Structure formats: C-alpha cells, structure tokens
*Asks:* 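This is the structure I have questions about; it appears just below.
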Amino acid sequence: MLAPTPAPSQLPAETLTVMGAGLVGCLLALYLAQHGHAVEVFERRPDLRGDAKVEARSINLALSDRGWRALEGVGIADAVREVAIAMRGRMMHGVEGQLTFQPYGQDGQAIYSVSRAGLNRRMLDLVEQQPGIRMQFEQRCQRVDLRNSQLEMRDETTGESRIQPFQRLFGADGAYSAVRGAMQRTDRFNYSQQYLDYGYKELTIAAGPDGSWPIEKHALHIWPRGQYMMIALPNLDGSFNCTLFFPYEGANSFAALQTPAQVRTFFAEHFADAVPLMPDLETEFFANPTSSLVTVRCFPWSHADDVLLLGDASHAIVPFYGQGMNSGFEDCAVLAELLEEHGSDWPRIMRQFETSRKPNTDAMADLAVYNFYEMRDRVADPRFLLQKKIEGRLAAQYPAQWLPLYSQVTFSQIPYAEALANGQAQEQVMQRLMPHIQAEADYERPDVQALVAAEMARRS
C-alpha cells in the first residue's frame, strides 16, 4: 500500500530532485547546491562506500579536459586527482609483443585513468560534505507520474512503496533511465537505441611485486587485432583494468569460447604478452558478465519545464573516445552556466540546454563509433601511424590552423559538432597529402611543403 502524498506546504521552496547518484548525478547535485538549491538525490543501488557488494560496472574511465573543467567548477578537481593516473599516450601491443607508443597530444597533455567505482565513492564523499544535499540509497523509482509531478518509490531495504512529490526532477539515472522511460510515453518524443554487434568483458592484469605496475603505467594499452581488441588502463594499486571488446558471434567471439582451455589457447595466440600477467584469466572470463555496447539518442530532453535529462539518460555512447563521462560532466557545467545567466527562468534554461547540447552529443556519438573502428583496425597500421605523425608536424608548423581531431575532442572546449566538422575537413586534406609522403622525412621535401602551404592557404 502506498503512503499518502505529503501536502505541498510540507515541501521546501524549490527543492530539486536528482534521480541517480552516479558520477553525473553527484556532480549535478553539487552544481545545483552551489546555486543555492536544496537537493534530494535518490539512488536505487546501496551506498557504494558500504560493506554490501554492489553490482556496478568497473570499467575504467578516462578523464580529459572537459571533465576536469566541470570538476573545477565546483572545486573538487584536486580531490579527484588523488584517484587518477595520467596516461600520456596509446601503447600498442603487436601480436609478437612489439610495442609502439603514440602520444595523445603535445608535451604535458594526458588523459587520466580513474576507476568508475573509485571515482564514484570519492564524489559521494564530496556530495555528503555539501550542506543542502540529502542522499537516499536503495530507492528504486518504479514510476514517474509526469502529469502530477510525483514519483512512486520503493525502499529496497523495507520493501515499502510511497508517493514522492517533486517540484523539479533531473534524470541522471543512466542509459536505462526510469525518468526517460516515462518521457518516452509522451507525445512526439523521439527515441532510438543502437547496439554494436560487440560486447565487452572486464579482465585484470595483476599488480607486480610490492604494487608495481608490470607494464607502462602512464599509457592506455591497446592490443588491436582487426575484428576485436583488448585495452588496459592503470589502477592505483599497480593492477590494470582490462576490457576485451569482442563479437558476440563468429569464429573469434564470445560464443566460440566456451571452456577454460579454449580461452587460454585463444589468449596465448592473440594476446601472448598479456597472458603471463593475467593469473585469473579463465576464472574472470567466466565469472564476469558480458556487457553490451549501446548508443542512445532522444529528444526532447525536457518535459513541461520541470523535468530534464542529463548524461547517459539523454545521450549514452559507446566508450571508444573516452568521452561518455566527460560529456555528462560537461552537461552539468553547461547547465550551471545557464543557471548563472538566467537565474530561476527554468523554461529558458531547459530550452537552451537541450537545443545547444543535442547537436554536440549526437556528434560525439558518431565520433565514439568511428574511434572504435580506428582503435580496432587502424592503430597498428604503419600508414595510419605515419599519418598521425604528419598531423603532429602540421599542428606544430601551423598551430593556429591545425589541431588534430583527437586533441579538439580531448584537450579543448571546442563543441563536439564543430570538432567533428573540422576533423572531416582535415581528413580530406590528409587524403590529398599522404600519397606524396612515404616516410616522416618526406614532410620536409620542398614539393610536399608547397602542397602543405597551398592546403593551409585554402583553409585560411
């Protein structure tokens, strides 16, 4: 039986409700509180910081400039840096164990490996220290009544359900959002989800003696194998969180690996240098779930000026550009800028937020899928690696006119849609230049320099 609805007079003025205490939900709550609002946060899972085992994805994440800027906006970047490890480039592992390092950007630029659960714990601690924010765990949203501005919540510890009114609701509850689920049943709501034919499985490279890192600490490691790949990101304890991105079906696929012996044989053939570092390989392979890779697009992101979607709830993407968390954090920063500009004019804030962010998150979704194929197929190609070196030479020679696409996305605040358009134009330039370049030294040839100068003049 549902508990009675509290009278409106019992509710504080303009209390804001956040559904989801994940990374985006935590940062959003901090921004809303910073702007003077009382905030109530509901999370369906138990508190990650408790003793109870919480089922959550542990795939490591890559914090980059957009994410750091958003964290700095509420003054928590330094606290997060304590649980982050700089990765200055990609380390590609060939089938025979040969290593190739490709820097991500200019000297001093890096992306940062963070454990999803570890970062979430740190952010929960920071949220808890903020006056005006109340968090409630093990609160499952069973239904969102948009018409009456009410939530039907179930307390997972007691089994009791109740009606919870809201004044303004923010859905930061992930790719399978309960808040978006209610909006999908409204008129003229556009929604799509698209899955790759690939899943992923989390594995571990164990720490070395005394917590040392058995492979290069300051790199994102990639084992590109054409139709599949494995990556590894460093952890603070010396271990690496590995992720195998693998087809569901086919000769080399999850369906084809059904026994520990098959797993061991496959890894020994294709990831030979990693196998000695993975003592629990077979156990983890069968104990850890195979998870799917989905892209979510929808619009509008708001309803009746009192409900708004952010993060994965509105634009979940596949993880191959390392921008899912960063774009969700950027959502929070953009919303905060609109709050600063428009105060409590929520209709204007929500309209501007969704119309400005939607083209950029759509572009980022396209970029993430593109980068999957690049990481899987191209990062081991000598011509691709040469092209990246030439792009670096162009950026050094013409810094005002050339910034590689990856740097635009990862090390700048350039809107994603603009970065995508710039990247497509730059790729056309490279397609015209690369037939004239067979080695990096060819870049200095007078005829190549003349071609480069003509291309830069065309871009001016």
Side-chain angles (χ1 to χ4, degrees), residues 64 89-92 94 98 100-106 109 111 194 196 198 220 222-229 231 245 295 317-323 359-460:
S64 57
R90 296 167 170 168
M91 184 71 80
M92 276 73 73
Q98 66 273 30
T100 306
F101 183 75
Q102 179 191 342
Y104 276 131
Q106 300 171 354
Q109 289 183 323
I111 59 177
Q194 185 173 8
L196 293 181
Y198 285 70
L220 188 155
I222 307 177
W223 288 258
R225 298 296 183 262
Q227 292 304 304
Y228 51 90
M229 68 175 178
I231 67 172
F245 296 100
T295 299
I317 60 175
V318 294
F320 303 109
Y321 228 111
Q323 287 296 306
N360 290 311
T361 58
D362 279 353
M364 191 61 248
D366 292 337
L367 283 164
V369 173
Y370 166 80
N371 213 42
F372 168 56
Y373 297 109
E374 178 175 295
M375 292 173 69
R376 188 193 71 179
D377 299 342
R378 300 186 68 196
V379 294
D381 180 353
R383 289 292 296 172
F384 172 79
L385 297 176
L386 176 60
Q387 178 173 324
K388 290 300 179 185
K389 289 179 180 179
I390 298 303
E391 288 183 23
R393 299 288 293 271
L394 283 165
Q397 187 176 359
Y398 298 93
Q401 294 171 265
W402 192 280
L403 186 63
L405 173 59
Y406 187 88
S407 293
Q408 292 183 58
V409 170
T410 307
F411 301 121
S412 86
Q413 310 301 324
I414 296 172
Y416 290 131
E418 185 178 333
L420 175 58
N422 291 342
Q424 290 170 334
Q426 289 179 345
E427 180 62 24
Q428 292 175 2
V429 173
M430 296 309 297
Q431 292 302 313
R432 292 191 289 269
L433 288 179
M434 288 307 292
H436 303 276
I437 299 174
Q438 303 306 314
E440 187 175 358
D442 291 343
Y443 183 76
E444 301 294 345
R445 291 199 334 248
D447 60 319
V448 172
Q449 280 294 302
L451 288 171
V452 168
E455 291 288 354
M456 293 303 106
R458 186 183 302 172
R459 291 174 59 84
S460 298

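Not measured: the values here are computed from a predicted model.
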*Asks:* Taking D442 for its side chain and A439 for its backbone only, find out whether a donor-acceptor pair lies under 3.5 Å.
*Replies:*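 Judged by distance alone, yes, a pair lies under 3.5 Å.
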
*Asks:* Working to the nearest 0.5 Å, report the span between CD1 of I390 and CG of L385.
*Replies:* 12.0 Å

*Asks:* Assess whether side-chain hydrogen bond (donor to acceptor under 3.5 Å, both in side chains) is satisfied between Q428 and Q424, documenting all intermediate values.
*Replies:* CA-CA 7 Å; Q428 292 175 2; Q424 290 170 334; over 6 Å; no

*Asks:* Could you grab the distance from atom CG of N360 to atom CG of L420, nearest 0.5 Å is fine?
*Replies:*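 The CG atom of L420 is 10.0 Å from CG of N360, to the nearest 0.5 Å.
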
*Asks:* Please give me the minimum heavy-atom distance between A419 and V409, naming the atom from each residue.
*Replies:*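 Closest pair (atom of A419, atom of V409, distance): CB-CG2, 4.2 Å.
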
*Asks:* Answer yes if the side chains of E391 and Q387 hold a donor-acceptor pair under 3.5 Å, and no otherwise.
*Replies:*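 Yes, Q387 and E391 have a side-chain donor paired with an acceptor closer than 3.5 Å.
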
*Asks:* Search all heavy atoms of P224 against all heavy atoms of M92 and return the closest pair with its distance.
*Replies:* CG-CG, 4.4 Å

*Asks:* With Q98, which residues qualify under side chain to side chain donor-acceptor pair (under 3.5 Å), at least two apart?
*Replies:* none

*Asks:* Would you say that F384 contacts M434 through its side chain, given a criterion of any heavy-atom pair below 4.5 Å between the two side chains?
*Replies:*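 No, their side chains stay 4.5 Å or more apart.
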
*Asks:* Please name all residues satisfying side chain to side chain contact (heavy atoms under 4.5 Å, CB included) with Q106, sequence neighbours left out, ordered by chain then number.
*Replies:*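 If we apply the side chain to side chain contact (heavy atoms under 4.5 Å, CB included) test to Q106, skipping adjacent residues, the hits are Q109.
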
*Asks:* Once rounded to the nearest 0.5 Å, what's the spacing between atom CD1 of I111 and atom OH of Y104?
*Replies:*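 That separation rounds to 4.0 Å.
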
*Asks:* Taking all non-hydrogen atoms of both residues into account, name the closest pair between W223 and I231 and its distance.
*Replies:* CZ3-C, 4.2 Å

*Asks:* Taking side chain to side chain contact (heavy atoms under 4.5 Å, CB included) as the test, write out the residues that go with E444, two or more places apart.
*Replies:*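 E444 satisfies side chain to side chain contact (heavy atoms under 4.5 Å, CB included) with R393 once adjacent residues are dropped.
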
*Asks:* For S407, enumerate each residue passing the side chain to side chain contact (heavy atoms under 4.5 Å, CB included) test, keeping only those at least two apart in sequence or located in another chain.
*Replies:* L403, P404, F411

*Asks:* If you compare all heavy atoms of G94 against all heavy atoms of R225, which two are closest, and at what distance to 0.1 Å?
*Replies:* O-NH2, 3.3 Å

*Asks:* List for me each residue that meets side chain to side chain donor-acceptor pair (under 3.5 Å) alongside Y406, sequence neighbours excluded, and say none if there are none.
*Replies:* none

*Asks:* Tell me every residue that passes ring-ring contact (aromatic ring centres under 6.0 Å, His included) with Y416, counting only those two or more places apart in sequence or in another chain.
*Replies:*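 With neighbours one apart ignored, the set is empty.
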
*Asks:* Are more than 12 heavy atoms from other residues, nucleotides or ligands located less than 6.0 Å from atom CD of E440?
*Replies:*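 Yes, the 6.0 Å shell around CD holds more than 12 heavy atoms from other groups.
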
*Asks:* Set out, in order, the CA-CA distance, both residues' side-chain angles and the distance that settles side-chain contact (heavy atoms from CB on, under 4.5 Å) for Q438 and R383, then state yes or no.
*Replies:* CA-CA 8 Å; Q438 303 306 314; R383 289 292 296 172; 3.5 Å; yes

*Asks:* Just verifying a value: how many Å separate N371 CG and D366 CG, rounded to the nearest 0.5 Å?
*Replies:* 12.5 Å

*Asks:* Measure the CE-CG distance between M430 and L405 for me, rounded to the nearest 0.5 Å.
*Replies:* 12.5 Å

*Asks:* For the NZ atom of K389 and the CG atom of L386, what is their distance to the nearest 0.5 Å?
*Replies:*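 Answer for the NZ-CG pair, K389 versus L386, is 7.0 Å.
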
*Asks:* Output every pair passing salt bridge (charged side-chain N to carboxylate O under 4.0 Å, His left out) with a member in residues 409-423, not counting sequence neighbours, ordered by first then second residue.
*Replies:*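 Of all non-adjacent pairs touching residues 409-423, none passes salt bridge (charged side-chain N to carboxylate O under 4.0 Å, His left out).
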
*Asks:* Which atom pairs, donor and acceptor, lie under 3.5 Å between side-chain atoms of residues 447-457 and protein residues at least two apart or in another chain?
*Replies:*
| residue | atom | partner | partner atom | Å |
| --- | --- | --- | --- | --- |
| D447 | OD1 | R445 | NE | 3.0 |
| D447 | OD2 | R445 | NH2 | 2.8 |
| Q449 | OE1 | Q397 | NE2 | 2.8 |
| Q449 | NE2 | Y443 | O | 2.9 |
| E455 | OE1 | R432 | NH2 | 3.0 |
| E455 | OE2 | R432 | NE | 2.8 |

*Asks:* Going by the rule side chain to side chain contact (heavy atoms under 4.5 Å, CB included), which residues pair with Q426 if we only count those two or more places apart in sequence or in a different chain?
*Replies:*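 Scan of Q426 (side chain to side chain contact (heavy atoms under 4.5 Å, CB included), adjacent residues dropped) gives W402, Q408, R459.
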
*Asks:* Taking only residues two or more places apart in sequence or in another chain, which ones pass ring-ring contact (aromatic ring centres under 6.0 Å, His included) with F320?
*Replies:* F245, F372

